[in-house]
Amino acid sequence: MIVWLNGTHGAGKTTTSALVQQLIPDSRVLDAEKVGETLMDITPGLPTTDNFQHWPPWRTLVVETARHVLDYTGGTLVMPMTVLVEEYWREISAGLAQHAIPVRHFVLHADQKTLRGRIEGDTVMGPSPFRFAYLEPYAEAARTWLHAEAEVIDTTHLTPAQAAQQVVTAVKRR
């Protein structure tokens, strides 16, 4: 099974995923961003883009990486990754479904003010124009498709531990 934690920068995906992994026996965190970083290291580079998710190989490789890891280890993969383009989410989820991999899709949500504050106060990654640039696309995706496609957990007033517990409780219910 895959527990996919979606949401934009500042929602708490990375921190929450580590906590979810600790609460689900036989689970591992697979950060799909690392697949993108691998593609970014290709020389000469792939066609220029502002986001590696626009490269079709990223989406295919995320599916294949998850499939092969699960075939090798079994258990659960916790995958923290923002996907705001509906077509990309459909491609990834359909690819996983073709391999009979169940996916629990969660969106960690917070209001815009909270997200901005978290990004500005991030002592690890720091604030960046890149991270701020995804706030409006996230809001648009949330309004148009994303929240209808996932289980939404509002992290505005939750600690990461509380958010992780809500994810795990929801996973165990089904």
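What you see is a predicted model, and the numbers here were worked out from it, not measured in a lab. What's counted below: heavy atoms across the whole structure, side chains too, no hydrogens, waters or symmetry copies.
- Here OG1 of T82 is found 9.5 Å from CZ of R131. Values are rounded to the nearest 0.5 Å.
- If you run side-chain contact (heavy atoms from CB on, under 4.5 Å) between V62 and each of M81, M79, E91, only M79 comes through.
- Among residue pairs with one or both ends in residues 30-46, none qualify as side-chain hydrogen bond (donor to acceptor under 3.5 Å, both in side chains); sequence neighbours excluded.
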Query - Audit row: E64, H99, side chain to side chain donor-acceptor pair (under 3.5 Å) steps and yes/no - result: CA-CA 9 Å; E64 290 302 311; H99 297 292; 3.3 Å; yes
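- At least one side-chain heavy atom of L39 sits under 4.5 Å from a side-chain heavy atom of W55.
- Across V85 and W145, no two heavy atoms sit closer than the pair C-CZ2, 3.8 Å.
- The shortest non-hydrogen separation linking T65 to V35 is OG1-CG2, 4.1 Å.
- Between F130 and H9, some side-chain heavy-atom pair lies under the 4.5 Å cut-off.
- For the atom pair CG of L84 and CH2 of W89, the computed distance is 11.5 Å after rounding to the nearest 0.5 Å.
- Atom CD1 of I153 and atom OG1 of T16 lie 8.5 Å apart (nearest 0.5 Å).
- Both V103 and Y88 belong to a single network of hydrophobic side chains, linked directly or stepwise wherever heavy atoms of I, L, V, M, F, W or Y lie under 4.5 Å apart.
- One N or O on the side chain of K13 and one on the backbone of G7 form a donor-acceptor pair closer than 3.5 Å.
- Residue V167 is not grouped with residue V152 when hydrophobic side chains (ILVMFWY) are merged at heavy-atom distances under 4.5 angstrom, including chains of intermediate members.
- One distance of note links CZ of R28 with CG of L70; it measures 9.0 Å at 0.5 Å rounding.
- For the pair W4 and I92, the minimum side-chain heavy-atom distance is below 4.5 Å.
- L30 and V168 fall into different hydrophobic clusters, where Ile, Leu, Val, Met, Phe, Trp and Tyr are joined by side-chain heavy atoms under 4.5 Å apart, directly or via other members.
- Sequence neighbours left out, the pairs with a member in residues 132-141 that pass side-chain hydrogen bond (donor to acceptor under 3.5 Å, both in side chains) are N51-Y134, H109-Y138, E136-R143, Y138-H147, E140-R143.
- Atom-to-atom distance recorded for Q162:CD and L19:CG is 11.0 Å, nearest 0.5 angstrom.
- Checked by atom type and distance alone, the side chain of T156 pairs as donor or acceptor with a backbone atom of D111 at under 3.5 Å.
- The closest side-chain donor-acceptor pair between T169 and Q165 falls under 3.5 angstrom.
- Proximity of D26 to T76: side-chain heavy atoms (C-beta onward) are nowhere separated by under 4.5 Å.
- The minimum heavy-atom distance between A66 and I2, with the atom names listed, is CB-CD1, 3.8 Å.
- In this structure, D122 and M125 approach most closely via the heavy-atom pair OD1-N, 2.9 Å.
- Atoms OG1 and CG, from T14 and L5 in turn, are 9.0 Å apart once rounded to the nearest 0.5 Å.
- In the hydrophobic clustering of ILVMFWY residues, with side-chain heavy atoms under 4.5 Å counting as a link, L158 and V3 come out together.
- The nearest pair of heavy atoms linking T155 to A11 is OG1-O, 3.1 Å.
- Transitive grouping of hydrophobic side chains (ILVMFWY, heavy atoms separated by less than 4.5 Å) brings V20 and F106 into a common cluster.
- A salt bridge is absent between E120 and R116: the closest approach of a Lys/Arg side-chain nitrogen to an acidic carboxylate oxygen does not fall below 4.0 angstrom.
- Applying side-chain contact (heavy atoms from CB on, under 4.5 Å) to I101 and the options V63, L77, L96, D71 leaves one that passes, L96.
- With contacts defined as side-chain heavy-atom distances shorter than 4.5 Å, the pair Q22/V29 does not qualify.
- The backbone N or O of Q53 lies less than 3.5 Å from a partner atom in the side chain of R59, making a donor-acceptor pair.
- Put simply, the side chain of E149 does not reach to within 4.5 Å of the side chain of N6, judged on heavy atoms.
- The shortest heavy-atom contact between P102 and A100 is CD-O, 3.3 Å.
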